[in-house]
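Worksheet: the structure to be examined is printed underneath.
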Amino acid sequence: MVLRLSTMFLRTLREDPVDAEVASHKLLVRAGYIRRAAPGIYSWLPLGLRVLAKVEAIVREEMNAIGGQEVHFPALLPREPYEATGRWTEYGDALFRLQDRKGADYLLAPTHEEMFTLLVKDLYNSYKDLPVYLYQIQNKYRDEARPRAGLLRGREFIMKDSYSFDIDDAGLDTAYAKHREAYLKIFSRLGLEILPVKATAGAMGGSKSEEFLHPTPVGEDTFVRSAGGYAANVEAVTTVVPEDIDYSTLPACQVKDTPDTPTIDTLVAVANEVAPRDAGEWTAADTLKNVVIAAKMPTGERRLVVIGLPGDRAVDLKRVEANIAGHLEIGGEVEIEAATEDDLKKNPSLVKGYMGPGNGLDHAVLGTEAASGVLYLVDPRVVSGTSWITGANEPGRHVFGLVAGRDFGWDGTIECVEVREGDPAPDGSGPLRTARGIEMGHIFQLGRKYAESLELKVLDQNGKLVTVTMGSYGVGVTRAVAALAETNHDDRGLMWPRNVAPADVHLMVTGKGAELFAEAERIAAALDAQGIEVIFDDRPKVSAGVKFGDAELVGVPTIAVVGRGLAEGLVEVKDRASGTAENIPVADVVGHLVDAVRG
RNA sequence: CGGGCUAUGGCGCAGCUUGGUAGCGCGCCUGACUGGGGGUCAGGAGGCCGUGGGUUCGAAUCCCGCUAGCCCGACCA
């Protein structure tokens, strides 16, 4: 196939679009791959569409390879299925809702769990039909509060989403493992560095989940990694729990006056005045901070929880939200926010600034069994035998040497503390560092959440109805195009990897002699005959500088120049990425280019 | 949702302070020259100055409202 620039629908821009911040966005617009149609919504031009199709083809091949079967759902869907799973409301403002002429509610699908589940329910009813893996490559719609970075976060985007249906957990594990392998292959073929990181399932429900992150500074997901290979989303990081300490020799705790110490900083300063210790100054790490948060339950109920953590640490509400469900004896989504003044007024036993689990003597304050009756969870670092300075539940007083397990108890532990650079990796592989990444894919074991709410059941070997277990797996296809552009460019333009480049060879003529054009035509035709895809810059009366500039901007991996060298029987062949160039005899140039393209 | 900035030909911008027939660069069209790094010259086409109202003889420019966009944050399978 030969794409002639003299007729191709293409206009390159000399200047960066003013609304673009990241390189992929600037270059894809400048090089004529995409155009903005509305915020977060892009039109695909001929060059862009070719790259997109190649990325899709790779995804499709690998999904087919694990037995996936491609289907295609509408993007415009009726409300009912999403009502049944609760997502019509749960999805909130991010859902594009609309009405038909009769006033019936519709939506533009943000993801298709419901439709896949209903389709399988429609057609299958026996364990013999399972497992089945279905997928589609399709537009998704999410009314993001703030679309940004061009294709990296759009309101319309293309996603490959697949869904596995199994009779039991072992089947789900297999489906999950197969998808994981397929994803690693997809990203490897795309030439994208990928780190699978442990993630929490979040609003999708279910248990096991991994994100496939492409590390890059423009990414919007923060994750942590260790030199030894550990990688995880901050929500999923687990704390290295210290050993219990023998407290038999520790002195009894003592309540002391610590006037005007409502914050950890003021407390540490006063503690060093009123109760200096031999083993060096008190620090924030010696204090036990008790933070009140409010959990908004799916039922609408608002429940207070106190979290105890070392005073030198901060609560990470997202981590709390990701990990609190098990402590509330309730399914569904819980929203976490800081407690308000009102919350505290309703619980007079919680003394702001001077809260503590108890004074170790007469009564406990925090905990479901204690005076306040408020659920008390602690950071895993609070192990039996650790000794703390903490609030004595009266203004201006703190208790010193309060020993965990001896003087106070708790209802459970929770991963709730901000992960910091330098914290140890849970698998002992070294200190954690934070990094940024783009989420390129995500795999979930959904379990039976959707199958239950939509009543997808099949008969098992014993003729009993059992609920099917599901997995859901996504790859951001348009996002992959952006990530590829982000990773493969220099200051002159794009530099596509071979697998996804819009063409194999960018052939250009410089000069005006008819023989130059005639020779270039012959080369283009010969390459075409060999199945090589050629972008042919056959524009007459366009200066060499413009042609070189456009070739480098468009970013096809191999550039061939028919020009002044032809007088000596030579054609210049350049590698876009390395910049290396060599002169090849005209007679050999087609073979040389074919070899370069086919590796 | 909070904060900041912006809105003028396809793209990037000036003009606004001090109201008076809308301008520059790129791109586009015609011709000539040039012909290996966005070249030169000449001549053209193309604009409801985001939108509604107000002030004024007269508004891109001053005043009020609205809308949209971008950036930072919050949010985000």
Side-chain angles (χ1 to χ4, degrees), chain A residues 10-22 25-26 29-30 32 35-41 85 87 90-95 109-114 140 142-150 152-155 157 159 161-163 199-206 209-212 220-222 233 235 317-318 321-322 333 335 337-338 439-446 449-450 471-476 479 492-493 508-513 516-517 537 539-553 559 561-567 570-572 574 581 583:
Chain A
L10 172 70
R11 179 113 301 138
T12 56
L13 272 35
R14 190 175 295 203
E15 285 161 295
D16 284 333
V18 69
D19 57 354
E21 282 290 306
V22 302
H25 187 195
K26 289 178 184 171
V29 172
R30 271 188 61 203
R35 298 289 296 173
R36 195 186 77 106
I41 303 179
T85 55
R87 293 211 295 180
E90 264 176 31
Y91 233 96
D93 290 337
L95 193 63
T111 170
H112 279 79
E113 278 77 6
E114 285 81 355
K140 305 292 179 200
R142 292 181 197 173
D143 194 359
E144 299 284 352
R146 187 152 95 81
R148 74 184 91 179
L152 280 177
R153 179 167 208 81
R155 296 196 296 170
F157 57 97
M159 180 164 91
D161 50 327
S162 46
Y163 304 87
T200 51
M204 301 297 298
S209 160
E210 281 166 285
E211 285 178 13
F212 291 75
E220 44 184 9
D221 291 345
T222 302
N233 208 306
E235 282 92 331
L317 290 179
K318 285 173 94 171
E321 195 165 298
E333 215 172 333
E335 227 178 288
E337 59 185 36
E439 181 184 348
M440 303 304 309
H442 203 156
I443 55 180
F444 292 94
Q445 293 198 354
L446 287 179
K449 172 176 170 174
Y450 290 89
S472 106
Y473 318 89
V475 170
R479 183 174 277 184
R492 293 171 173 234
M508 71 169 79
V509 194
T510 62
K512 61 174 178 177
L516 294 169
F517 280 80
D537 195 344
R539 291 175 294 180
K541 299 186 179 182
V542 171
S543 79
V546 172
K547 289 187 175 182
F548 281 116
D550 279 348
E552 281 152 1
L553 182 57
I559 299 169
V561 187
V562 178
R564 64 184 177 196
L566 193 62
L570 297 172
V571 172
E572 185 179 353
K574 298 211 281 191
N583 286 307

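Numbers restart at 1 for each chain; the letters A, B, ... are given by sequence-line order, proteins then strands. Since the structure is predicted, the reported quantities are computational estimates derived from the model, not experimental observations.
- For the atom pair Phe157(A) CZ and Glu144(A) CD, the distance stands at 7.0 Å (nearest 0.5 Å).
- Comparing G35(B), G27(B), C71(B) against the side chain of Glu21(A) picks out C71(B) as the nearest.
- No side-chain heavy atom of Pro540(A) sits under 4.5 Å from any side-chain heavy atom of Lys512(A).
- With G69(B), C28(B), G39(B) as the candidates, the nucleotide lying closest to the side chain of Arg14(A) is G39(B).
- G65(B): Watson-Crick or G-U partner is U51(B), with both key distances under 3.5 Å.
- Between Arg492(A) and G37(B) there is no side-chain N or O to OP1 or OP2 distance below 4.0 Å.
- Under the Watson-Crick or G-U wobble criterion, with both distances below 3.5 Å, A14(B) has no partner in any strand shown.
- Among the atoms of the strands shown, base atoms are found under 4.0 Å from some heavy atom of Gly563(A).
- In this structure, the separation between CD on Glu21(A) and NZ on Lys26(A) is 6.5 Å, given to the nearest 0.5 Å.
- C16(B) sits 11 Å from C49(B) when the C1' atoms are compared, rounded to a whole Å.
- Going from the P atom of C24(B) to that of G47(B) covers 16 Å, rounded to whole Å.
- Side-chain proximity of Val546(A) to G38(B), G36(B), C70(B): nearest is G38(B).
- Look at C33(B): its Watson-Crick or wobble partner, with both distances under 3.5 angstrom, is G39(B).
- Residues satisfying the salt bridge (Lys or Arg N to Asp or Glu O under 4.0 Å) test with Glu552(A), not counting sequence neighbours, are Arg492(A).
- When the C1' atom is compared between G58(B) and U21(B), the two are found 11 Å apart, to the nearest whole Å.
- You won't find any donor-acceptor pair under 3.5 Å spanning the side chain of Glu552(A) and the base of G38(B), going by distance alone.
- Summarising the base pairing, U21(B) is matched to no nucleotide, lacking a Watson-Crick or G-U wobble pair whose two defining distances lie under 3.5 Å.
- A side-chain contact (heavy atoms from CB on, under 4.5 Å) with Phe548(A) is found for one member of Ile559(A), Thr510(A), Leu553(A), Asp537(A) and no other, namely Thr510(A).
- Residues passing the salt bridge (Lys or Arg N to Asp or Glu O under 4.0 Å) test with Arg155(A), sequence neighbours excluded: Asp143(A).
- Heavy-atom nearest nucleotides on RNA chain B were determined for Asp550(A) and for Gly474(A), and the one closer to the 5' end corresponds to Asp550(A).
- Comparing G36(B), G38(B), C76(B) by their nearest atom to the side chain of Thr12(A) picks out G38(B).
- Comparing U8(B) with G50(B), their C1' atoms sit 10 Å apart, to the nearest whole Å.
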(message) Can you build the contact string for nucleotides 5-15 of chain B? Use B for base contact, S for sugar-phosphate-only contact, and - for no protein heavy atom under 4.0 Å.
(response) -------SS--
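- In the set G27(B), C70(B), G38(B), C70(B) carries the atom at the smallest distance from any side-chain atom of Pro39(A).
- Here G9(B) sits opposite no nucleotide as a Watson-Crick or G-U wobble pair (both hydrogen-bonding atom distances under 3.5 Å).
- For G37(B), the base has a donor-acceptor partner in the side chain of Lys574(A) [N/O atoms by modelled type, under 3.5 angstrom].
- Of the possible donor and acceptor atoms, one in the side chain of Lys547(A) sits under 3.5 Å from a partner among the backbone N and O of Arg539(A).
- Nearest-nucleotide assignment on RNA chain B puts the 5′-proximal partner with Val542(A), out of Val542(A) and Lys547(A).
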